[in-house]
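The next block holds one structure in the form of structure tokens; read it before the comments.
Indexing begins at 1, ligand by ligand and atom by atom, following the structure's order. None of these values were measured; they are calculated from a predicted model.
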Amino acid sequence: MCGVVGIVGRSSVNQAIYDALTVLQHRGQDAAGIVTIDEENHFKLRKSNGLVKDVFLEHHMQRLQGNMGIGHVRYPTAGSPSVSEAQPFYVNSPYGITLAHNGNLTNTDDLREAIFKSAKRHVNTTSDSEVLLNILASELDKFPDYPLTADNIFTAVSAVHKIIKGAYACVSMIIGHGLVAFRDPNGIRPLVLGRRALADNQFEYIVASESVALDILDFEFMRDIAPGEAVYITEDGQLFTRQCAEYPKYSPCIFEYVYFARPDSLMNGVSVYQSRIHMGQMLGRKIAREWAHLDIDVVIPIPETSCDAALEIARILNKPYRQGFVKNRYIGRTFIMPGQVARRQSVRRKLNANRIEFEGKNVLLIDDSIVRGTTSEEILEMVRSVGAKKVYLASAAPEVRHPNVYGIDMPSVNELIAYDRNVDEIAKKIGADALIFQDLDDLITAVKMSNPNIEHFDCSVFDGIYVTNDITQQYLDDLDARRNDKKKTRQAQREAENLEIYNEGQ
Ligand SMILES: O=P(O)(O)OC[C@H]1O[C@H](OP(=O)(O)OP(=O)(O)O)[C@H](O)[C@@H]1O
Ligand SMILES: NC(=O)CC[C@H](N)C(=O)O
Ligand SMILES: [Mg+2]
């Protein structure tokens with residue numbers, strides 16, 4: 001679930017983009033990149049594998065000159081984790097274009113072949129995002145006159161919408177023009193628009209995955225970019241917007257609210273924090289209904305994402321809420337780590353149980369979701385070892401039983417703990433005395449409470465319904481074969497020394 005940002009400013013944007021990426025870090029921990037356009041109309045690019053704080057050293061920042069730029073934090077969901085697939089990507093024709101992408105395309109193989117045949121474009125990596133950039137470039141190339149008009153650019157985005165499938169929230173820059181951002185017709189991945197007034201009543205603009213990036217940079221939140229909509233901000237700060245999809249349909253990914261997004265973000269008119277409070281209310285009521293016979297001493301969240309829901313559950317059950325785990329603040333998110341060994345080890349290093357809260361007690365542990373079961377299995381072992389009597393577990397999301405194809409790296413049903421298991425079997429595997437999941441209808445209600453206008457969500461990981469209508473069993477089988485954990489580990493070793501054609505240096 002990567003994070004993207006783009007700024008069209010009136011002074012240097014390097015530090016602002018860096019700061020935005022630090023608050024989008026929770027969306028991708030594997031690689032980071034920034035590209036700016038300097039005074040001489042040259043792209044200045046720095047990207048590499050690693051966290052934002054490690055990728056950009058002072059000399060890189062000094063080189064990232066210019067008043068316009070885009071940035072990316074990566075959580076790989078297609079291609080390889082090699083540094084050559086870190087973003088933003090660059091193509092030199094037409095004009096020079098760079099692009100950063102959050103999401104995942106579902107017809108990449110066809111597109112790769114088609115773009116080679118139709119436009120003789122060779123895509124040198126296995127990244128879906130680089131294919132996307134080449135499709136956009138090829139559509140922009142169809143207009144003979146320079147410079148491109150806003151109308152040309154929107155026509156190109158409309159064509160892109162017709163050609164590509166899947167999830168995409170993109171920021172892009174075209175030399176001599178400005179910044180272009182667009183969101184797929186289902187609005188699966190988030191994208192927001194903001195502005196900051198200058199003394200002369202002109203505006204600087206920002207586009208970002210989450211509104212938290214606007215907050216910390218003192219940009220005013222204008223609105224979500226609509227599904228299918230494109231935004232074009234010229235280098236001198238003129239804003240153009242247009243709906244470029246024929247049939248846009250709001251279907252945001254519900255897992256953003258469950259886990260991915262920061263609670264202080266506002267997304268599709270819904271406060272992520274408030275949606276988690278509502279998830280806690282719905283689940284709390286279900287627990288009160290179905291577990292009245294259980295003797296619960298204390299409610300304890302498994303940090304960090306579940307804390308907001310857990311507090312509400314404790315309130316509804318009228319039980320004490322306790323911070324039973326201490327989280328190591330220097331360890332990132334476990335779920336978005338690339339391999340199972342790393343995920344398992346990092347749960348241990350990240351969370352430690354406070355014996356005093358567990359010894360001799362019947363505890364109700366709350367997590368926002370149980371996906372592979374890595375966290376729950378480790379945690380259950382841990383709390384037993386510090387003397388918990390009975391351990392009950394509740395998940396603020398329903399059972400995850402289907403792969404994700406839209407930018408969450410869950411390619412293989414066999415890696416999902418709820419696949420082919422009922423709740424009792426999952427409880428047994430995890431080692432819980434009792435286990436309860438949120439109902440999907442309740443989860444949807446919880447998120448919709450803040451914005452009833454959203455008619456539909458992408459809930460594919462829970463119900464197996466893919467909003468792009470193009471996902472076949474064959475596609476899922478191929479995805480599994482290509483991206484399951486074992487396969488990725490082998491690929492990472494092989495790709496480690498891949499050539500970095502476009503990277504400007506260390
Ligand atoms: O069942 P699993 O496969 O373990 O995945 C689910 C867990 O992973 C996430 O935590 P993570 O540590 O990534 O981040 P957090 O600190 O934001 O909770 C999520 O919040 C669950 O705790
Ligand atoms: N999670 C994402 O948004 C990933 C973007 C893109 N598919 C990549 O793998 O780089
Ligand atoms: Mg967690």
Side-chain angles (χ1 to χ4, degrees), residues 1-4 24-31 33 47 72-82 84-89 99-106 108 125-133 166-170 188-190 209 253 255-256 258-263 276 301-310 325 327-329 331-338 340 342-344 346-351 365-380 393 395-397 399-400 404-411 415-418 426 429-430 461 483 485:
M1 187 69 50
C2 308
V4 298
L24 297 175
Q25 186 80 80
H26 59 283
R27 301 183 65 85
Q29 300 170 164
D30 281 40
K47 59 178 181 174
H72 189 262
V73 282
R74 182 172 192 227
Y75 160 52
T77 57
S80 89
S82 154
S84 59
E85 302 199 11
Q87 303 195 30
F89 280 107
L99 177 135
H101 164 218
N102 170 209
N104 207 62
L105 302 190
T106 53
T108 311
T125 67
T126 50
S127 162
D128 59 331
S129 313
E130 193 176 13
V131 171
L132 196 167
L133 168 58
Y168 47 98
C170 299
I188 299 173
R189 293 287 150 240
S209 297
C253 170
F255 212 69
E256 291 275 355
V258 170
Y259 167 68
F260 267 104
R262 261 177 66 135
R276 290 182 187 159
I302 301 176
E304 172 171 336
T305 301
S306 65
C307 294
D308 302 328
F325 297 97
K327 185 183 150 197
N328 179 345
R329 69 184 67 191
I331 305 269
R333 293 184 119 182
T334 314
F335 176 73
I336 60 173
M337 289 184 171
Q340 189 58 12
R343 287 184 212 116
R344 199 168 283 282
S346 86
V347 174
R348 281 286 183 188
R349 272 180 277 163
K350 179 168 145 174
L351 297 174
L365 300 180
I366 311 293
D367 212 344
D368 52 271
S369 56
I370 300 172
V371 183
R372 297 181 181 89
T374 322
T375 310
S376 333
E377 284 186 46
E378 293 291 327
I379 290 295
L380 262 286
L393 178 62
S395 162
E399 299 93 308
V400 173
N404 188 281
V405 298
Y406 299 131
I408 307 176
D409 198 28
M410 286 161 33
E415 291 165 12
L416 305 174
I417 196 163
I426 304 168
K429 175 107 180 44
I430 290 172
V461 296
R483 288 197 63 80
D485 266 344

Taking 4.0 angstrom as the limit and counting only heavy atoms of [X], give me the atoms of ligand 2 inside it, by number and element.
| X | result |
| --- | --- |
| Asn102 | 2 (C), 3 (O) |
| His101 | 5 (C) |
| Asn104 | 7 (N) |
| Cys2 | 1 (N), 2 (C), 3 (O), 4 (C), 5 (C) |

With only distance considered, is [X] within less than 3.5 Å of ligand 2 through an N or O on each side?
| X | result |
| --- | --- |
| His72 | no |
| Asp128 | yes |
| Glu85 | no |
| Pro76 | no |

How does [X] reach ligand 1, if at all, at less than 4.0 Å between non-hydrogen atoms: by side chain, backbone, both, or neither?
| X | value |
| --- | --- |
| Lys350 | side chain |
| Asp368 | side chain |
| Thr375 | both |

Test your reading of the structure: does Lys327 have an N or O sitting under 3.5 Å from an N or O of ligand 1? no
Checking the N or O distance criterion of under 3.5 Å, is ligand 1 in contact with Tyr259? yes
Close-contact set for ligand 1 against [X] heavy atoms, below 4.0 Å:
| X | answer |
| --- | --- |
| Phe335 | 3 (O), 5 (O), 8 (O), 9 (C), 11 (P), 13 (O) |
| Ile370 | 1 (O) |
| Gly373 | 1 (O), 2 (P), 3 (O) |
| Asp367 | 20 (O), 21 (C), 22 (O) |

Indicate the atoms forming the closest heavy-atom contact of [X] with [Y], along with that distance.
| X | Y | answer |
| --- | --- | --- |
| Ile417 | Ile430 | CD1-CG1, 3.7 Å |
| Gly166 | Ile188 | O-CD1, 4.1 Å |
| Ala31 | Ala86 | CB-CB, 3.8 Å |

Taking the six-membered ring of Tyr259 (Phe, Tyr or Trp), confirm whether the NZ or CZ of Arg333 is under 6.0 Å from its centre and within 45° of its axis. yes
Does NZ or CZ of Lys350 fall inside the cone over Phe325's six-membered ring, less than 6.0 Å from its centre and within 45° of the axis? no
Any heavy atom of Arg189 closer to ligand 2 than 4.0 angstrom? no
Only heavy atoms count here, so choose which of Gly103, Gly28, Ala78, Gly407 is nearest to atom 3 (O) of ligand 2. Gly103
Give a yes or no on whether the backbone of Gly79 and the side-chain of Arg483 come within a donor-acceptor separation of less than 3.5 Å. yes
Donor-acceptor under 3.5 Å (Arg343 side chain, Met337 main chain): yes
How far apart are the C-alpha atoms of Thr77 and Asn104, what are their side-chain angles, what is the distance that settles it, and do they pass the side chain to side chain donor-acceptor pair (under 3.5 Å) test? CA-CA 7 Å; Thr77 57; Asn104 207 62; 2.8 Å; yes
Met410 CE to Phe335 CZ distance, which is reported to the nearest 0.5 Å: 5.0 Å
Answer with side chain, backbone, both or neither: which part of Ser129 has a heavy atom less than 4.0 angstrom from an atom of ligand 2? side chain
For ligand 2, which part of Arg74 has a heavy atom less than 4.0 Å away: the side chain, the backbone, both, or neither? side chain
Counting non-hydrogen protein atoms only, what is the nearest one to [atom]? Give residue, atom name and distance.
| atom | answer |
| --- | --- |
| atom 1 (N) of ligand 2 | Met1 N, 2.7 Å |
| atom 17 (O) of ligand 1 | Thr305 OG1, 2.5 Å |
| atom 1 (O) of ligand 1 | Val371 N, 2.7 Å |
| atom 6 (C) of ligand 1 | Ser369 O, 3.4 Å |
| atom 3 (O) of ligand 1 | Arg372 N, 2.8 Å |

Check contact between Arg343 and ligand 1, using heavy atoms of the residue and a distance below 4.0 angstrom. no
Are Ser376 and ligand 1 in contact, using a heavy-atom cut-off of under 4.0 Å? no
So, [X] and [Y], do they make that salt bridge, N to O below 4.0 Å?
| X | Y | value |
| --- | --- | --- |
| Glu377 | Arg372 | no |
| Arg276 | Asp368 | no |
| Arg189 | Glu256 | yes |

If we only count heavy atoms from C-beta on, is the [X] to [Y] side-chain gap below 4.5 Å?
| X | Y | result |
| --- | --- | --- |
| Arg348 | Ile379 | no |
| Val73 | His26 | no |
| Phe260 | Ile336 | yes |
| Thr375 | Ile370 | no |

